[in-house]
Amino acid sequence: MRQQHGLRFLGLSLIVAGAGLLAWLGWMALRPESLAIADSRDGQRVAFTAERARVLLPGQCVSVTWEAEGISAIYLDHEGIGGEGSASICPAGAYYPTFRVVAPDGSSHIYTLPVSIVVYQVEFWILLIFGTACALSGVILYNAGRQRQGRAVLLARIVFALVGGSLLLLLAHFVVDPGPVVVQQMYGQTALYFRAERRWTAFSEGCVPVEWELEGIKEAYLVTRSRGIQGVTGREQRTLCGYDQAHLEVTLSDNAVVTLPGVGTLFADLRFWLLLVAAVSLIRLDLTWRGVDILYRKVSQPGRPVLPAERRLEVRAVLRVLAKAFALFLALNVLFFILQPLPVLGRLSLYNALFPGRERLPMSNYPDQAYNLTTTNLEAMFSAHEIAAPKATDEFRVLLLGDSAIWGWFLRPEETLAGQLNALELKTTDGRRVHVYNLGYPQPSLGKDLLFLDYAMRYEPDLILLPVALYSLRHDQIAPVQAGYPATLQRLNETYGLNIPVAAEPPTVQSLLHQTLVGSRKVLNELFRLQLYSVMWWATGIDQRYLAHIQREIEREETFDISSVVEDIDTAGFSIINAIIERAGGVPVVVINVPIFITPFEEANPGYYNFFSAREVYNEYRDMMAAAAEEYHWNYIDLWQAIQPEEFTDSQLHYSPAGARQYRDALIGPLRGYIP
């Protein structure tokens, strides 16, 4: 009888907890919380308001209002608007209403209202599953307590284990890899910005890069556990390591104090241990039953003491569970160290199976807005790409290597060079479809291109396009992905007589910890989250953070000395190009000298085409490339003037959709000679 009472008590508790969580989740998703931004500076005043901070489904509309005084012009997304008005915005993906305000002196400021879509957030679904599982298990347990149904108790144990598993998933998502911290606040003429790559670090050797910019403040202090209070300047970049729990305290001009969220320590956070204990207790239901019995007796019979035998039994159960958990944890880490399964796990993918493959390699600094993330696991990157699908019998497969310009910074997949080449629907003379695969990745490095090609040759390419830029031939241009494959790079160096560095600093031997399950937790979390984003990629087609307005910063007065690159180009850069051609085997490789930005700012910087390229040095580079193409018998195309200057966007490397179209139109003529 006592057990039946305990079941009913536990069942009611779970029903209340699950219903409360679902009610709270619904309230958070649907509550009428508004967003507002107000700013005033130099006689200008602007105010923007969105009636809702979040919508439940894509396509639901939000009313946005604005007021502006003392300005020259104001734009909502690319469209000019009046100084006062309202509009209905219907976000369908990773899109935020963005206002660009132009001051009378010509300067401009960007204001973004971060309206989020609830069903596109992983946290919503985890909490929904957890709350539903709690309520369902509570109903089953309460019914079992009333009717003494053995099957219901067994089913309750299963559901309880699922609840514990979902709680562990919640722990992994919110605690193990919580994502970056970004805070932007405006107080009149005071602007506060703080960013940390992670909310906390787990181990003492862990470090978190942070940066902040504070304008219009009186003073600022960095408060840390280990070093106490330190005065800081308004603009800094730091790295917080060890068990620091740090945050910024900012004193405004009116002496008001604002605390900005900072960086914590995982194992010093009580929530981590509460969630872990709760998850283990739910999964090990035999321990939970004993605890429920004791709790029920304490509530229903407060005067009755717990017997010493029962207490000893409970202590033994706890110790037994802890010992088993530690042994299992140790065994899993040893097994992981022996098998080293990351390459195999990277090849397990929902892409190209349940969901379509991505049109470019995974990369994003804003995972929540782009439904994408950055990983250095080559197997996972290529398994998520459309190239991993089986090659069709009527397909002529073209690989397009390159940097962020080829990847398509700020461009949608169909607007990139690969997308616009595919839009031509080219065919070979024997009727095969020409499909160009975008294997660009945001880092100009020929060593990275060789590494990618070495992996991509398993996908049976018929033609390889290799865009080359002067800055990509620099010896210190090293992609982060290279650091994860020292053995592969060493093999390539030995095979082709190269000296490609693995990382910016000499690589260190990985410790035992970094080769275990614990040490690989970040990579494992990336693999898991990349698969979760497959649903959102399929539903939205969004794979990067798109901006309604891109700030042009290409007419800079400073320059970069690249004369040393030309001096070493024939021994370093040309050797890697030749290695790429040799690694391709019998597959033709077309070397393309990429278009560059050419700006007429001779008065500020005489003798320079742009920030990267002095005229004399760049002209010498072009002569050397042409001579090398003739000497080594390259398939070579020089397109250095293919894109008009006005089509470059945020930098001298990235271009607009129209610029990509100009690139394609200049390339397609010579390219047809390499398509049978």
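The analysis underlying the following values was restricted to heavy atoms, covering all of them including side chains, and did not include hydrogens, waters or symmetry mates.
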Just list the side-chain donor-acceptor pairs under 3.5 Å for residues 410-417, sequence neighbours left out, or say none.
residue : atom : partner : partner atom : Å
E415    : OE1  : R412    : N            : 3.0
T416    : OG1  : P413    : O            : 2.9
T416    : OG1  : G419    : N            : 3.1

4.5 Å side-chain heavy-atom contact, L439 and Y459: no
Any pair counted as side-chain hydrogen bond (donor to acceptor under 3.5 Å, both in side chains), so long as it reaches residues 663-676, sequence neighbours left out: none
By side-chain hydrogen bond (donor to acceptor under 3.5 Å, both in side chains), W634 pairs with (sequence neighbours left out) N578
Tell me whether the centres of the aromatic rings in Y621 and Y618 are closer together than 6.0 Å. yes
Are any non-hydrogen side-chain atoms of P467 and L400 less than 4.5 angstrom apart? yes
Compare all side-chain heavy atoms of N372 with those of Q544 and state whether any distance is below 4.5 angstrom. no
Name of the residue among W640, F648, Y655 meeting ring pair (Phe, Tyr, Trp, His ring centres under 6.0 Å) with F597: F648
Using residues 343-350 as the side-chain source, report each donor-acceptor pair under 3.5 Å to any protein atom, sequence neighbours left out, with the distance given to one decimal.
residue : atom : partner : partner atom : Å
S349    : OG   : Y351    : N            : 3.0

Can you list the residues that meet the side-chain contact (heavy atoms from CB on, under 4.5 Å) rule with A353, with sequence neighbours excluded? none
Which residues pass the side-chain hydrogen bond (donor to acceptor under 3.5 Å, both in side chains) test with S383, not counting sequence neighbours? none
Quick one: list whatever passes side-chain contact (heavy atoms from CB on, under 4.5 Å) with A392, sequence neighbours left out. D394, E395, R433
Only one of N438, I668, V434 passes side-chain contact (heavy atoms from CB on, under 4.5 Å) with L421; say which it is. I668
Not counting sequence neighbours, list each pair that qualifies as a salt bridge (Lys or Arg N to Asp or Glu O under 4.0 Å) and has a residue in residues 376-390. none
L470 side chain reached by M625 side chain, heavy atoms, under 4.5 Å: no
side-chain contact (heavy atoms from CB on, under 4.5 Å) against P676, all qualifying residues, sequence neighbours excluded: F396, T428, R432
Name the orientation class of the two ring planes belonging to W538 and F355 (parallel below 30°, tilted from 30 to 60°, perpendicular beyond 60°). tilted
Applying side-chain hydrogen bond (donor to acceptor under 3.5 Å, both in side chains), can you list everything that pairs with D543, at least two apart in sequence or on another chain? R360, Y546
Quick check: do W537 and P356 have side-chain heavy atoms less than 4.5 Å from each other? yes
Check whether any side-chain heavy atom of L453 sits under 4.5 Å from a side-chain heavy atom of L466, and report yes or no. no
Could you walk me through whether I464 and M457 pass the side-chain contact (heavy atoms from CB on, under 4.5 Å) check? CA-CA 10 Å; I464 297 166; M457 287 303 296; 4.1 Å; yes
Sub-3.5 Å donor-acceptor pair from the side chain of S404 to the main-chain atoms of W407, do we have one? no
Once you measure the plane-to-plane angle for F382 and Y455, does it fall in the parallel (<30°), tilted (30-60°) or perpendicular (>60°) bin? tilted
Please list, chain by chain and in numerical order, all residues satisfying salt bridge (Lys or Arg N to Asp or Glu O under 4.0 Å) with E582, sequence neighbours excluded. none
Please collect all salt bridge (Lys or Arg N to Asp or Glu O under 4.0 Å) contacts where either partner lies in residues 444-473, sequence neighbours excluded, each pair once. K391-D462, D454-R491, D454-R583
